[in-house]
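Below: the structure, in structure tokens.
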Amino acid sequence: MNFDFSQEQIQFADALHRWANQDYQFEQRKHIIQSASGTSDDAWAALTELGALALPVPEDQGGFNGSAVDMLVLMQELGRALVVEPYFATVFAAEFLKLAKAHFDILEQVAAGQTKLAAALYEAQSRHEAYDIKTTVTANADGYVLNGKKTVVIHGAQADQLIVSARAGGDQLAAKGIMLFLVDARSPGVSRRDYRTLDGMRAADISFDQVQLPAIALLGREDGGADLLDAALDYGITLLCAEAVGIMEATIAATLEYLKTRQQFGVPIGKFQVLQHRMADMYMEMEQARSMATLAAVKQSSANVQERRRTVSAAKVRVGQAARLIGQQAVQLHGGMGVTNELPVAHMFKRLTMIELSLGDTDHHLARFIAQSDFAAA
Amino acid sequence: MNFDFSQEQIQFADALHRWANQDYQFEQRKHIIQSASGTSDDAWAALTELGALALPVPEDQGGFNGSAVDMLVLMQELGRALVVEPYFATVFAAEFLKLAKAHFDILEQVAAGQTKLAAALYEAQSRHEAYDIKTTVTANADGYVLNGKKTVVIHGAQADQLIVSARAGGDQLAAKGIMLFLVDARSPGVSRRDYRTLDGMRAADISFDQVQLPAIALLGREDGGADLLDAALDYGITLLCAEAVGIMEATIAATLEYLKTRQQFGVPIGKFQVLQHRMADMYMEMEQARSMATLAAVKQSSANVQERRRTVSAAKVRVGQAARLIGQQAVQLHGGMGVTNELPVAHMFKRLTMIELSLGDTDHHLARFIAQSDFAAA
Amino acid sequence: MDLNYSAEDLAFRDQVRAYLDTHLPSDLQHKVLHHLRLSKDDYVRWHRILAKQGWVAPGWPVEYGGPGWSATQRHIFEEECARAGTPAILPFGVNMVAPVLMAFGNEEQKAHYLPRILSCEDWWCQGYSEPGSGSDLASLKTRAERHGDHYIVNGQKTWTTLAQHADMIFCLVRTDPDARKQEGISFLLIDMKTPGITVRPIIMLDEDHEVNEVFFDNVKVPVSNLIGTENKGWTYAKYLLGHERTNIAAVGRAKRELQFLKRVAGKQQKRGLSLLADPVFAHKVAALEIEIMALEITVLRVISQDSGKPGPEASLLKIKGTEIQQDLTELMVEAVGPYALPFDPAYLEGEQAHSVTEQDDAAPLASYYFNFRKTSIYGGSNEIQKNIITQMILGL
Amino acid sequence: MDLNYSAEDLAFRDQVRAYLDTHLPSDLQHKVLHHLRLSKDDYVRWHRILAKQGWVAPGWPVEYGGPGWSATQRHIFEEECARAGTPAILPFGVNMVAPVLMAFGNEEQKAHYLPRILSCEDWWCQGYSEPGSGSDLASLKTRAERHGDHYIVNGQKTWTTLAQHADMIFCLVRTDPDARKQEGISFLLIDMKTPGITVRPIIMLDEDHEVNEVFFDNVKVPVSNLIGTENKGWTYAKYLLGHERTNIAAVGRAKRELQFLKRVAGKQQKRGLSLLADPVFAHKVAALEIEIMALEITVLRVISQDSGKPGPEASLLKIKGTEIQQDLTELMVEAVGPYALPFDPAYLEGEQAHSVTEQDDAAPLASYYFNFRKTSIYGGSNEIQKNIITQMILGL
């Protein structure tokens, strides 16, 4: 048993870290957020050059075939720097293609940094339930026709290609009848409404009005949509957990620094025992979250689907709990400065909050954890 | 609006307080618990003389017709002194008679301290659900025949008369079909198994084997059992909440005293900020619990049954939460001394724990609170 | 013990309710009920409506224009305003500088300022906090040097709420730098239009402009603007801090927001059911509702014991009140889940009638949650409040 | 990164499991799995069974009789013992005084005591805490005065676990009263049968007799019973405290108790459904299960980084481990609700086969809950552990 990262992983993390420290500092990030597109071509080029886009892509498509643990290392670094580029959106969506073993051309473009992707899964009524789909798909002579609306699609307007879930039949919440498609974002009938999100990113509401798709747009088997969706979501969640752990590290470091320098009543406020113990609580939360984020990454490759599901849901729960406590308390310990937009801590808090709400919140994943058959099999 | 206790109420509390300070000190209580009966005739006589037994009984039966607020004052004092006598059992059971306006002779004996009562309601499968009754009752020419078993009946073996819930029909959890009876504890077919409880009291498992009851044993109308049970339980819960608040006061006082005297690292441990804030949390919990215990007592007389139910359940929830935090933290702040049986704090903790588990725990009453129609009527 | 309102109190409640029904402008009410941001004009408009009715300063003595209400009536009024969803009456004039003026101001000051506060002719802001002072207020450094009939003020204040709209600021300044910390402080009223004053916005984490830094660069202030005695300002500051803090618990608003939470949760789905029917979520809401019920009684108990000056129990009310407010906003965000992510300032500011996502209930909730993180920090952080409970109530 | 056990480790696990299947006496297992109290004989019996197999001292070097296991193997062994429900091997001999003897004892002391520890010929207890010392261990007052070839010991120890069964006690005593706090302390081994020693029971809140006060009244102890150098005892004490603390998290037991909790909750009813199927209760159980999963990985991370000496991470493991244990006992009591009230010492002590209420699963649970309150107090209270994290890891 061995928890160490490999030499390659450490070097990769170091390279990302150097880039972010140099070219993605707090002020630079602020300008990117305020820009019209909300993303940076320079940053994208840098991430491509560093191999971040190639990392998760299979070797045959020009990638490094990186494991979930490789991605853990990477996402922690991006978390630390609060990167707002459409990286997560792209690699999460790319996972659908990898799992479906299809559209190798797109994967090649992803690896080369030439294409951005986004996954358009959730709808106005679905809340955390990805199976809750009203968007419809019907087969026709040319392939499929898509109708419906997706909401809060992260970096949906910045994407060139979209992964879209739709329902060919079955009840609104059923696993049966779910199908997944690759859709060119510029297809006739696709309209996107771009907006900011509170964590400095972008999202879009996307309408599909009689969008004609070719037959090859279908990902995987006709009856395999739910399993594919489930597996890709678990991958996405694992990435978010890793990102959150990176943010927690940065948050705790920033708060410690503040406690050591900020003076009140003639002493650094870090000398007050109540604040010390609060920090100890935050530290313990982070370590427990790190353990689960690590386990989730390791179990991504498990052949046992039950085990993957329960571990990933457990990780999302534990990371979500830690994210909330660490985010809120970091702000509290920063006092007035913590509630301004001027220090990184507020931005860390906001991103941690939004991660908690993304791809299923804590209660959603507690329920999913309980629903796995291991739970009651005592 | 006025939260003050009356002169009479204050004088009554003072008298009880003086008695407990004199004749019901910690060591005296310890001997009572270790005695064969687990109760004290002297204490019972004193409580009778002080008017505690007469207080809740109507004037026509020789009582003082005390309100729930009068009883709040009284139960707080008994809580403070951790009284283990069958007082709560008796006055809780007496409430069934008062509500049913029946068996005035028994109420007269209660007021005079000549009779002890207990309510035998819960069963081996019912957990917190008082409507979950398997004990059966069938009518016959002489009245009713009772069969079944009640468990953890507080002071069941010390009682002369029992209030017993039974089912004449309906599903196991239904309100319909519940009937309540007054049963002489020495009736043929009644057998009792006495045992200690962890808070220094006694309880019994009681079997009813073909117990013949006269027709007048029935309390209230044949179809009014569930409402009677519900109302009497709300009264009992209100008493327990008041007792708990009294214990909280004593617990907090004892812990404060300990923090002020106990030295460590050369200072009283009450100088450590973490322990100070823990005490502040305990204090706030107590005040919130006190507010709800007070409100529950006031709402006992409400004509609006919904309002009574939701307020009483809310009080049990809030008192239960406070009881747990205060009990656990008082022990923690006492350090090693807190986990011995030698200081009152451990006994306070144990009684607070047992109150939390009695007449429906926190989750039970949260669910009951939610089930009232006001909750969803937003 | 009697927890019922008297017939007189009930009649008063009905009167207030009827008045608000007819006089609260629906556009203002809409903004408040939907967590949108209020403009300067919104605040002023509502202030003047209440002023016309004579109700804008419930805590003032009748001689200065107060309505002469009892503590219970004031509580009822606050409750009804919260229930209806009125804008707040900002405290800086009515509840902060005014009591100090009444207690320590001279006749000219009272005659000049108090009517202008009632009519909202002057918008006041508070110059207490400084960078680096935080919870240790008395460590302030802003300097006022006496030069004949005026002071020259130099220094900086921060966290100055809505100073961008203000006509006047009341300031704690150091007039004797050699005296001990709490001594040598004076209480000055300063016209915000005086040359040398610069206001710099501080943007909060929800990107709202609510507070500011205020810089004083050789600002000339007439000595006639000094309250009371030079170097005795700390006494006045403490008087102000101790004044009128029962509504700190904001139970009325909490009750209104609880209903909002239930309404929003009732519309959201979890596994095909209304979220409010989901036992796990309902238990959280119920526990919070019970906490609010308890705090309402605790507040009433404090009011009923009130000798006019709130004691350290105010710290309990502040802690519990802010915890409840934060828990409410937290559950609101939980309720709407991913629909909390979009950030739509144009909708928040009232520039657009609907949110970009068309989820108008959900759109402001994350901002609202983020905004409310400040409540456990300002007005004496909750940690400071616990110190007060520890020392003043528990004697540790 | 590789979180799988090696084939060798898996084979080892199977070997341990097979051994426990056949060698763990079912009466002992029954007591452990059902939260009943263990007698002296129970402990000794299991100790000697393991000793015969050579597994009673997993942490000892092979030269002294240890099995020569890796840290991972020791972890697996602990896990398997917890899973099977073996009695604990009491740490006072094997894990506490033995490492001190090996590091600082002389050859005679090692040759005499170590084999007797392995065979459980001597039952050891620990004489560290004193009334009034608590978390401030170095403030101890028990005095040992040198008189020729022996010391005369006077004073009192407290919280001495199972001293009523003990043959030997290792003590911290003050040999130089004039030295500073941590100096002037020596480490003495004392035969419990020496005249002048009195053991007084301390009854715990669950009425169990688990700890004691030990009084020393002119107790004569040969100088040959001194470990190492006079007045250097604090060094040895710190060495002991820092030794072997990964199993402090007790994850193995927590996993077993979680299964017990689920079984018990599965049998209880809430509104006609199994309590484990109740979403509110299931969410609490699931959250705790996840906490245990996380702590298991955290423990393995600490072990994998372990240089032989556990660092301040042990404080995290102690806090989280005891919180989990306490939460488990709390949920067990919640699960059985009112059936936790009865108190049945005769059943707990094994004097009767069944509880008076015939609810054998439920009967011990409140006692168990009460008993486990000590875990956040002893071994350095959780507050002290947070101080350690604050200082040693966070540098505050």
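Throughout, protein chains are lettered first and strands after them, A, B, ... in sequence-line order, and every chain is numbered starting at 1. Just so it is clear, the model here is predicted, and its values are computed rather than measured.
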ask   = Is it true that a side-chain atom of B/Asn341 and a backbone atom of D/Glu207 form a donor plus acceptor pair closer than 3.5 Å?
value = no
query = Where on D/Gln359 is there a heavy atom nearer than 4.5 Å to chain B: the side chain, the backbone, both, or neither?
reply = side chain
Chain D contact via B/Arg193 - side chain, backbone, both or neither, heavy atoms under 4.5 Å = side chain
task = Could you tell me whether the side chain of B/Gln332 and the main chain of D/Ser376 form a donor-acceptor pair under 3.5 Å?
result = yes
message = What part of D/Ala335 gets within 4.5 angstrom of chain B, counting heavy atoms only: side chain, backbone, both, or neither?
response = backbone
query = Would you say the side-chain atoms of D/Gln326 and B/Gln328 include a donor-acceptor pair closer than 3.5 Å?
reply = no
request  = Evaluate the side-chain proximity of D/Glu358 to B/Asp205: yes if any heavy-atom separation is below 4.5 Å, no if none is.
outcome  = no
query = chain B heavy atoms under 4.5 Å from D/Val333: which part of the residue, side chain, backbone, both or neither?
reply = both
request  = Look only at the side chain of D/Tyr378 and the backbone of B/Gly336, and say whether a donor-acceptor pair between them is shorter than 3.5 Å.
outcome  = no
inquiry  = For D/Phe370 and B/Phe349, take the angle between the two ring planes, folded into 0 to 90°, and tell me which bin it lands in: parallel under 30, tilted 30 to 60, perpendicular over 60.
reply    = perpendicular
task = State, with a plain yes or no, whether a side-chain heavy atom of B/Ser358 is found less than 4.5 Å away from one of D/Leu341.
result = yes
ask   = With only heavy atoms counted, which part of D/Ser139 is less than 4.5 Å from chain B, the side chain, the backbone, both or neither?
value = neither
request  = Using the side-chain contact (heavy atoms from CB on, under 4.5 Å) rule, take D/Lys284 and B/Asp363 through it: C-alpha gap first, then chi angles, then the decisive distance, then the call.
outcome  = CA-CA 11 Å; D/Lys284 295 190 209 182; B/Asp363 279 351; 2.8 Å; yes
ask   = With only heavy atoms counted, which part of B/Val152 is less than 4.5 Å from chain D, the side chain, the backbone, both or neither?
value = side chain
note = When rounded to the nearest 0.5 Å, the distance separating CD of B/Glu356 from CD of D/Glu334 is 7.0 Å
remark   = Cut-off 4.5 Å, heavy atoms of chain D, and the answer for B/Leu173 is side chain
